[in-house]
Amino acid sequence: APRMVAAHRAILDRLSALPGVRAVSASTCLPLDGCQGGPLSVDGRVLATGVVPPIVLYQGVAAAFFETMGTPIRQGRGITRDDVERSEPVAVINEALARVAFLNEHPLGQRVRLGNPAAAGSSRRWYTVVGVVANTPTTGLAVLTPVPRLYLPLAVQPPGNLSPRYTAANYVVRTDV
């Protein structure tokens with residue numbers, strides 16, 4: 001993982017040095033692209049028998065992803081370079097996920113994890129919510145129902161098959177041109 005983080009950082013640094021570039025970042029998937037999805041659990045919540053946990057789309061992102069994409073941060077902060085380089089267990093959620101998972105609660109500081117909530121004794125990693133961002137189109141520009149999304153630092157790998165592939169990334173660039 002450290003070599004892959006260094007490779008992505010080197011590419012981002014080179015892209016940011018190009019004339020006219022204002023911001024750069026990377027992601028394991030982009031809006032209108034297929035992201036992976038799975039169930040989400042919230043720390044301290046036990047679901048009643050037969051209740052289905054919220055299903056979220058999730059992706060790994062590099063620092064400044066939301067700023068580069070023009071996605072407003074509604075609460076807290078986005079993913080930072082330190083989060084990525086240290087593989088910090090932090091997460092940013094969109095407003096749709098905040099509504100579904102936290103209803104009338106403040107989401108910042110809450111802990112979430114991917115995977116089956118029934119696997120409470122598993123080794124799945126908890127992520128602390130550090131930010132809430134605006135909803136973005138997921139499946140089409142005309143689709144008005146926002147989809148719950150979870151954003152993790154690019155280098156963070158959830159265990160098992162619930163992991164954004166960080167060996168390949170989509171690079172995004174915001175320019176003055």
If every non-hydrogen atom of A62 is compared with every non-hydrogen atom of V84, which pair is closest and at what distance?
CA-CG2, 4.0 Å
Can you check whether A101's main-chain N or O pairs, donor with acceptor, with R45's side chain at less than 3.5 Å?
yes
Give, for atom CG of L154 and atom CZ of R81, the distance between the pair rounded to the nearest 0.5 Å.
12.5 Å
V21, L12: one ILVMFWY side-chain cluster at the under-4.5 Å cut-off?
yes
Is it true that D83 and T80 share a donor-acceptor pair across their side chains at a distance under 3.5 Å?
yes
Cluster link I79 to I73, ILVMFWY, side chain under 4.5 Å:
yes
Counting N and O atoms only, with roles assigned by atom type, does the side chain of Q59 sit under 3.5 Å from a partner on the main chain of C29, one being a donor and the other an acceptor?
yes
Closest heavy-atom pair, A96 versus P146, reported as atoms and distance to 0.1 Å, is CB-CB, 3.9 Å
CG of L97 to OH of Y151, rounded to nearest 0.5 Å, is 10.0 Å
If Ile, Leu, Val, Met, Phe, Trp and Tyr residues are connected whenever their side-chain heavy atoms lie under 4.5 Å apart, and connections chain through other members, are V61 and M69 in the same group?
yes
Working to the nearest 0.5 angstrom, can you tell me the gap between Y58 OH and L150 CG?
9.5 Å
Neighbour count above 12 (heavy atom, 6.0 Å) for R22 CZ
yes
Can you tell me if S16 uses its side chain to pair, donor with acceptor, with the backbone of V24 under 3.5 Å?
no
Group every Ile, Leu, Val, Met, Phe, Trp and Tyr by side-chain heavy-atom contacts under 4.5 Å, then state whether F102 and L114 land in the same group.
yes
Hey, could you give me the OH/CZ distance between Y127 and R113, rounded to the nearest 0.5 Å?
10.5 Å
Considering all heavy atoms, the nearest I11-Y171 contact
CD1-OH, 3.4 Å
Which heavy atom in W126 sits nearest to a heavy atom in V42, and how many Å separate them?
CZ3-C, 3.9 Å
Are any of the side-chain heavy atoms of E88 and V130 separated by less than 4.5 Å?
no
Between P54 and V100, which heavy-atom pair has the shortest distance, and what is it?
CB-CG1, 3.5 Å
Output yes when a side-chain donor or acceptor of T128 lies under 3.5 Å from a complementary backbone atom of G109, and no otherwise.
no
Under the side chain to side chain contact (heavy atoms under 4.5 Å, CB included) rule, what do Q110 and I93 come out as? Steps first, then yes or no, please.
CA-CA 11 Å; Q110 300 274 3; I93 63 175; over 6 Å; no
Identify the heavy atoms of P53 and P39 that sit nearest to each other, and give their distance.
CG-CB, 3.7 Å
Treat each ILVMFWY residue as a node, draw an edge where side-chain heavy atoms are under 4.5 Å apart, and state whether F65 and V173 are in one component.
no
Looking at T68, is its backbone amide N or carbonyl O close enough to the side chain of R174 to form a donor-acceptor pair, meaning the two atoms are under 3.5 Å apart?
yes
Please confirm whether the backbone N or O of V147 pairs with a side-chain atom of N94, one donor and one acceptor, at under 3.5 Å?
yes
